[in-house]
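Heads up, the thing below is written out as structure tokens.
Just so we're on the same page: letters track the sequence lines, and every chain starts at 1.
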Amino acid sequence: MPELPEVETVRRGLAPVMEGAVVQRLELRRADLRFPFPDGLAQTAKGRRIVSLGRRAKYLLLDLDDGTVIIMHLGMSGSFRIIGDEVAAPGEFHHTRSRLAAHDHVVFHLLGGDGSAAQVVYNDPRRFGFMLTSRRDALEDHKLFAGMGVEPAGNAFNAEELALRFSGKQAPLKAALLDQRIIAGLGNIYVCEALWRSQLSPRRKAGTLVRKKGAPTQRLVRLVDSIRDVISEAIEVGGSSLRDHAQADGSLGYFQHRFAAYDRVGQPCAHVGCDGTIARIVQSGRSTFYCPACQR
DNA sequence: CCTTGAACCTGGGCGC
DNA sequence: TGCGCCCAGGTTCAAG
């Protein structure tokens with residue numbers, strides 16, 4: 001479930017439980033996810049207080065009080081859930097704590113500042129996710145973050161900035177927007193949605209949105225606005241929940257109900273005055289959904 | 001530089 | 001009911 005809005009939703013769900021809590025134990029239930037866990041990860045985290053849970057692009061950043069940062073990526077199928085140790089309400093069964101399921105690979109056993117215990121469980125069937133560590137003061141130089149593109153929800157993201165990065169690019173817009181070295185955080189869904197909103201063809205060369213002198217075209221301004229809008233709207237409603245994928249608190253995101261292009265092959269294009277039909281093509285090995293009639 | 005294809009994994013959906 | 005195939009929110013690497 002993980003493009004930027006989903007990762008931000010996860011962050012907001014976990015932060016109240018994790019920030020300020022002490023890691024009593026970090027339980028690694030296998031030796032690796034996509035990569036092996038760093039040597040001594042469990043020992044490194046044990047007894048540390050969590051200073052903050054942040055996010056950069058699709059990465060979650062768990063800052064510990066000794067300057068260690070645990071970098072977490074959800075891959076394609078990663079998710080977190082919280083298990084509290086709340087006493088059952090009268091008349092209810094007491095939910096067994098630590099009811100673990102298949103593909104629960106990591107468990108943060110936490111003790112909150114108020115004395116409450118909680119467990120934060122990482123589940124990832126496909127195991128494309130990973131957890132690595134860095135020092136906070138070296139994070140910007142970390143291989144994963146050096147050369148990473150601009151945050152589409154951040155202040156530095158604007159048409160002038162994107163014009164610089166698109167200038168001279170022959171790559172199709174779809175590929176350019178998915179390139180994390182240009183913009184960091186967009187994935188297949190939100191790229192399709194942003195291109196549909198701005199009525200730009202996913203096949204158009206990125207460089208065609210930049211004027212000769214390097215200034216952004218009106219189309220590029222439209223694209224930037226669409227990206228900003230679609231990302232912020234998705235975050236507002238808790239991201240997309242595909243396959244009933246729940247957020248950390250068990251609730252579902254609702255943005256999938258607002259998809260205008262993604263996964264809507266054969267459905268009529270919703271742009272006013274357009275009688276086109278959403279089509280699916282494959283670009284760089286991934287599905288692109290768009291309206292051939294109005295996206296130019 | 002650019003593009004494609006494959007790889008890493010598991011599971012859901014669909015056609016037969 | 002089962003099997004085989006295709007597809008999936010991401011990233012990375014090799015090869016042309």
Q) So does A/Lys58 get a side-chain nitrogen or oxygen closer than 4.0 Å to the phosphate oxygens (OP1/OP2) of C/dG10? A) yes
Q. Quick one: on DNA chain B, does A/Ala102 or A/Arg34 contact a more 5' nucleotide (nearest heavy atom)?
A. A/Arg34
(Q) Taking the P atom in each of C/dA8 and B/dT4, what is the distance between them to the nearest angstrom? (A) 16 Å
Q) To the nearest Å, how far apart are A/Gln170 CD and B/dT3 C1'? A) 12 Å
Q.
Quick test of your reading of the model: are A/Arg135 and A/Asp137 salt-bridged, counting only N-O distances below 4.0 Å?
A. no
Q. Are a donor atom and an acceptor atom from the side chains of A/Gln283 and A/Thr288 found within less than 3.5 Å of each other?
A. yes
Q) Checking all strands, does A/Gln180 fall into the base, sugar-phosphate, or nothing category for heavy-atom contacts under 4.0 angstrom? A) sugar-phosphate
(Q) Under 4.0 Å from OP1 or OP2 of B/dG11: is there any side-chain N or O of A/His103 that close? (A) yes
Q: Assign A/Tyr262 to base, sugar-phosphate, or nothing according to its heavy-atom contacts below 4.0 angstrom with the strands shown.
A: sugar-phosphate
Q: Please answer whether B/dC8 and A/Phe128 are stacked, defined here as ring centres separated by less than 5.5 Å and planes angled under 30°.
A: yes
Q) Base, sugar-phosphate alone, or nothing: which one does A/Gly187 contact when heavy atoms must sit under 4.0 Å apart? A) sugar-phosphate
Q | Length of the line joining A/Gln283:CD and B/dG5:C1', which is rounded to integer Å | A | 15 Å
Q) Side-chain N or O of A/Lys169 less than 4.0 angstrom from OP1 or OP2 on B/dC2? A) yes
Q | Separation of C/dG9 P from A/Phe80 CZ (nearest whole Å) | A | 21 Å
Q | Salt-bridge contact A/Arg55-A/Glu151 (side-chain N to carboxylate O under 4.0 Å) | A | yes
(Q) Under 3.5 Å, is there any donor-acceptor pair linking the side chain of A/Arg126 to the base of B/dC9? (A) yes
Q: Please state how far atom CG in A/Leu177 lies from atom C1' in B/dC2, giving the value in whole angstrom units.
A: 16 Å
Q: Take atom CZ of A/Phe35 and atom C1' of B/dC9, then tell me their distance rounded to the nearest Å.
A: 13 Å
Q. Is there a donor in the side chain of A/Ser79 and an acceptor in the side chain of A/Asn123, or the other way round, less than 3.5 Å apart?
A. no
Q.
For a quick check under 3.5 Å, do A/Tyr190 and A/Glu6 share a side-chain donor-acceptor pair by atom type?
A. yes
Q) With a non-hydrogen cut-off below 4.0 angstrom, is A/Pro5 in contact with a base, only sugar-phosphate, or nothing? A) nothing
Q. Among C/dG10, C/dA8, C/dT12, which is the nearest nucleotide to the side chain of A/Arg280?
A. C/dA8
Q. Taking a pair as Watson-Crick or G-U wobble with both distances under 3.5 Å, which nucleotide is matched to B/dC16?
A. C/dG2
Q) A/Ser240 has a side chain; which of B/dC2, B/dT10, C/dG9 sits nearest to it? A) C/dG9
Q. In whole angstroms, how far is the C1' atom of C/dG10 from the CG atom of A/Asp124?
A. 11 Å
